Engineer: 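Quick one: the structure is below, and I'll ask about it shortly.
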Amino acid sequence: MRELRVSVLPPYNFDLVLDRLSLDPLNSVDISSRTVKVPFYGEEDEILEVTATGTTDDPSFLVQMEKEDRGNARLDYLKKVFQWEGTLQEIHQHFLDTDLKDIFTEHSGTPVVLEFNPYSTLMKSIIHQQLNLAFAHTLTQRFVHKFGREKDGVWFYPAPGETAILDVDELREMQFSQRKAEYVIGVSKEIAEGRLNLQELEKKPDDEILKELVKLRGIGPWTAENYLMFALGRQNLFPKTDIGIQNALKKLYGMDRKPTLAEIDEMSEAWSPYLSYASLYLWRSIENRK
DNA sequence: GACCAGGATTGCT
DNA sequence: AGCAATCATGGT
C-alpha cells in the first residue's frame with residue numbers, strides 16, 4: 001500500500017463532497033471516516049482511497065494506492081476528479097455580487113467533482129434521462145451490478161465493448177425502456193467500434209464536442225452538457241432544459257411557475273464564465289439533505 | 001389516478 | 001421549424 005499526502009487551497013469542504021457523492025448508491029462513501037474509495041480504470045481495476053484529514057479552511061487528504069503511481073497517472077487523475085488544483089476562492093468571489101450569493105455562502109467550499117470515468121458518465125447520463133433520481137439510480141445500479149465488476153465494495157462500469165454486445169432484451173428485463181436500451185447499446189457500439197473516440201474528443205473546445213455528441217442517437221443537448229461538465233470538468237455549462245435547474249430557479253426567485261428559457265438566459269447571464277458552478281449549486285439548493 | 005420526473009426521438013402538420 | 005406522442009416506473 002502506497003500512501004501520499006495532498007494539501008489544496010481553501011476553501012474546500014470534502015464533507016459536502018462526500019455528501020453529494022453518497023447520492024449515488026454505486027459510490028463507496030463512508031461519511032464517518034471521511035473516506036471515499038474511487039475506482040481507477042487502469043490496465044487492471046484499482047482502488048484509490050481518499051480520506052479527508054483537514055478542514056474547509058485548511059484542506060488536506062490522505063491518498064492510499066494499491067500500486068506504485070508510475071508517471072503520476074493516479075495522482076493526476078485524482079487531482080482532476082476532485083478539482084484539487086482549482087481556485088474556489090476566486091469563483092466564490094465572482095458569485096458574491098450575484099443572486100446566487102446566499103446559495104454559495106451556504107454551500108461554501110463545494111467543488112465540481114467529476115464522475116470517475118468518461119464512458120460511465122455517458123451511460124449514467126443516458127440512463128438518467130427524464131427519470132426521477134430515485135428510479136434513475138436504481139436502474140443504473142441494476143445495470144452496473146449485472147454487467148460491471150466489483151472489487152472490495154467498489155463498482156466498475158462495464159467496458160464499452162462489453163455493453164456493445166448486449167441484447168436489448170437483457171436491458172428491457174431490468175426495466176429499461178426499449179429506446180433507452182437501444183441508446184445505451186448503440187452509443188457503446190460507436191465507442192467500441194472506434195467511430196467515437198472519447199480521448200480525442202476531450203482535446204476539442206466545448207462547442208465542437210457538443211456538436212459531435214449530439215449527432216449520436218440517444219444523446220441530446222442535456223446529455224452532452226452533462227458530459228462536458230462531469231466527465232471533462234468544463235466550467236461554463238448551464239443545462240437550461242434541466243428540470244432540476246428550472247425548479248431551483250423557480251424557488252430562488254419565488255416564482256409560481258418555472259421560468260421560460262428566455263428568462264433563464266437573462267438570469268444566468270451574470271454567472272458566466274462559471275456557469276457549471278452555478279448549475280451545481282442550484283442543484284444542491286433543492287437536494288434533500290440531512 | 002392523475003401528473004411529473006436532472007430528455008430524446010419520431011412522426012405529424 | 002414547431003408541436004404532440006411516446007417511453008417505464010416511482011414518488012407525490
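By convention in this document, chain letters (A, B, ...) are assigned in the order of the sequence lines, proteins followed by strands, and residues within each chain are numbered from 1. Nothing here was measured: the structure is a model prediction, and the numbers come from that model. As a basis for the values below, the full set of heavy atoms in this structure was taken, side chains included, without hydrogen atoms, waters or symmetry mates.
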Engineer: Hey, which of R234(A), K211(A), Q235(A) is the one that makes side-chain hydrogen bond (donor to acceptor under 3.5 Å, both in side chains) with D206(A)?
Structural biologist: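 Among R234(A), K211(A), Q235(A), the one meeting side-chain hydrogen bond (donor to acceptor under 3.5 Å, both in side chains) with D206(A) is R234(A).
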Engineer: Across the strands shown, which category fits I219(A) at heavy-atom distances under 4.0 angstrom: base, sugar-phosphate, nothing?
Structural biologist: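 Contact class for I219(A): sugar-phosphate only.
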Engineer: Could D167(A) and R172(A) be called an ion pair, given the rule that one side-chain N must be under 4.0 Å from one carboxylate O?
Structural biologist: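 A salt bridge is absent here (no side-chain N lies under 4.0 Å from a carboxylate O).
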Engineer: Could you check whether L216(A) gets within reach of a base, just the sugar-phosphate, or nothing at all, counting any heavy atom under 4.0 Å?
Structural biologist: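 Sugar-phosphate contact only.
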Engineer: Atom CZ of F135(A) to atom P of dC3(B): distance rounded to whole Å?
Structural biologist: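 It is 21 Å, rounded to the nearest whole Å.
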Engineer: Answer yes or no: does a side-chain N or O of Q130(A) lie under 4.0 Å from OP1 or OP2 of dA5(B)?
Structural biologist: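 No, because none of the side-chain N or O atoms of Q130(A) sits under 4.0 Å from OP1 or OP2 of dA5(B).
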Engineer: Would you kindly give the NZ-to-P distance between K180(A) and dG7(B), to the nearest whole Å?
Structural biologist: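 For the pair K180(A) NZ and dG7(B) P, the rounded distance is 9 Å.
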Engineer: Write down the distance between CG (L122(A)) and P (dG6(B)), rounded to a whole number of angstrom.
Structural biologist: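 These atoms are roughly 20 Å apart.
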Engineer: Give me the residues of residues 243-263 of chain A where at least one heavy atom lies under 4.0 Å from an atom of DNA chain C, by number, or none.
Structural biologist: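 None, since no heavy atom is under 4.0 Å.
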Engineer: What is the nucleic acid contact for P239(A), judged by heavy atoms within less than 4.0 Å: base, sugar-phosphate only, or nothing?
Structural biologist: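 Result for P239(A) = nothing.
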Engineer: In whole Å, measure the gap between the P atoms of dA5(C) and dG6(B) for me.
Structural biologist: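 Per the computed distance, 23 Å lies between those P atoms.
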Engineer: Look at the side chain of Q175(A) and decide which nucleotide, out of dG10(C), dT10(B), dG6(B), has an atom nearest to it.
Structural biologist: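 Minimum distance to the Q175(A) side chain belongs to dG10(C).
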Engineer: To the nearest Å, give me how far apart CG (L213(A)) and C1' (dA8(B)) are.
Structural biologist: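 From L213(A) CG to dA8(B) C1': 14 Å.
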Engineer: Within the modelled atom types, does a donor on one side and an acceptor on the other bring the side chain of Q129(A) and the base of dA8(B) under 3.5 Å apart?
Structural biologist: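 Side chain to base: no pair present.
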Engineer: Output yes when K146(A) and E170(A) qualify as a salt bridge under the 4.0 Å nitrogen-oxygen rule, no when they do not.
Structural biologist: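 Here K146(A) does not pair with E170(A) in a salt bridge, since their nearest N and O are not under 4.0 Å apart.
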Engineer: Does R142(A) or R179(A) map to a spot on DNA chain C nearer the 5' end, using the closest nucleotide for each?
Structural biologist: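 This one resolves to R179(A).
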Engineer: Using side chain to side chain contact (heavy atoms under 4.5 Å, CB included) as the criterion, point out the one residue from T53(A), V50(A), T35(A), L4(A) that pairs with L62(A).
Structural biologist: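 Output: one option passes, namely T53(A).
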Engineer: For atom P, what is the distance between dA4(C) and dC3(B), given to the nearest Å?
Structural biologist: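 Straight-line distance between the two P atoms is 15 Å.
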Engineer: Starting from the 5' end of DNA chain B, give me the residue, L131(A) or K215(A), whose nearest nucleotide shows up first.
Structural biologist: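 On the 5' side of the pair lies L131(A).
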Engineer: Please check the phosphate of dG6(B) (OP1 and OP2 only) for any side-chain N or O of S125(A) closer than 4.0 Å.
Structural biologist: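 For dG6(B), neither OP1 nor OP2 has a side-chain N or O of S125(A) closer than 4.0 Å.
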Engineer: Could you tell me if the ring centre of Y277(A) sits under 6.0 Å from that of F95(A)?
Structural biologist: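 Y277(A) vs F95(A): aromatic centres not under 6.0 Å.
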Engineer: Roughly how many Å is it from CZ in F143(A) to P in dT9(C), rounded to a whole number?
Structural biologist: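 From F143(A) CZ to dT9(C) P: 18 Å.
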Engineer: For residues 128-137 of chain A, run the donor-acceptor check on the side chains, cut-off 3.5 Å, and write out each pair with its distance to 0.1 Å, sequence neighbours left out.
Structural biologist:
unit_1: H128(A); atom_1: NE2; unit_2: T140(A); atom_2: OG1; d: 3.3
unit_1: Q129(A); atom_1: NE2; unit_2: G218(A); atom_2: O; d: 2.8
unit_1: Q129(A); atom_1: NE2; unit_2: T223(A); atom_2: OG1; d: 2.9
unit_1: N132(A); atom_1: OD1; unit_2: A134(A); atom_2: N; d: 3.3
unit_1: N132(A); atom_1: OD1; unit_2: F135(A); atom_2: N; d: 2.9
unit_1: H137(A); atom_1: ND1; unit_2: L23(A); atom_2: O; d: 3.4
unit_1: H137(A); atom_1: ND1; unit_2: L133(A); atom_2: O; d: 3.2

Engineer: Would you indicate which nucleotide in dT9(C), dC7(C), dA8(B) comes nearest to any side-chain atom of W222(A)?
Structural biologist: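 Closest nucleotide among those given: dA8(B).
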Engineer: Nearest-Å distance, CG (N132(A)) to C1' (dG7(B))?
Structural biologist: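 Taking atom C1' of dG7(B) as the reference, CG of N132(A) is at 13 Å.
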Engineer: Write out all pairs satisfying side chain to side chain donor-acceptor pair (under 3.5 Å) with one or both partners inside residues 152-161 of chain A, taking only residues at least two apart or from two chains.
Structural biologist: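 As it turns out, the side chain to side chain donor-acceptor pair (under 3.5 Å) pairs with a partner in residues 152-161 of chain A, which skip direct neighbours, are H145(A)-W155(A).
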Engineer: Out of dT9(B), dC7(C), dG11(C), which nucleotide sits closest to the side chain of Y183(A)?
Structural biologist: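 Looking only at side-chain atoms, Y183(A) lies closest to dT9(B).
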Engineer: Is it true that D45(A) and K151(A) make a salt bridge, defined as a side-chain N closer than 4.0 Å to a carboxylate O?
Structural biologist: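 Looking at K151(A) together with D45(A), the answer is no, because their closest N to O distance does not fall below 4.0 Å.
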Engineer: To the nearest Å, give me how far apart CZ (F176(A)) and C1' (dG7(B)) are.
Structural biologist: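 Checked: the CZ to C1' distance equals 15 Å.
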Engineer: Could you state the CZ-C1' distance from R284(A) to dG6(B), rounded to the nearest angstrom?
Structural biologist: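 Value for this atom pair: 13 Å.
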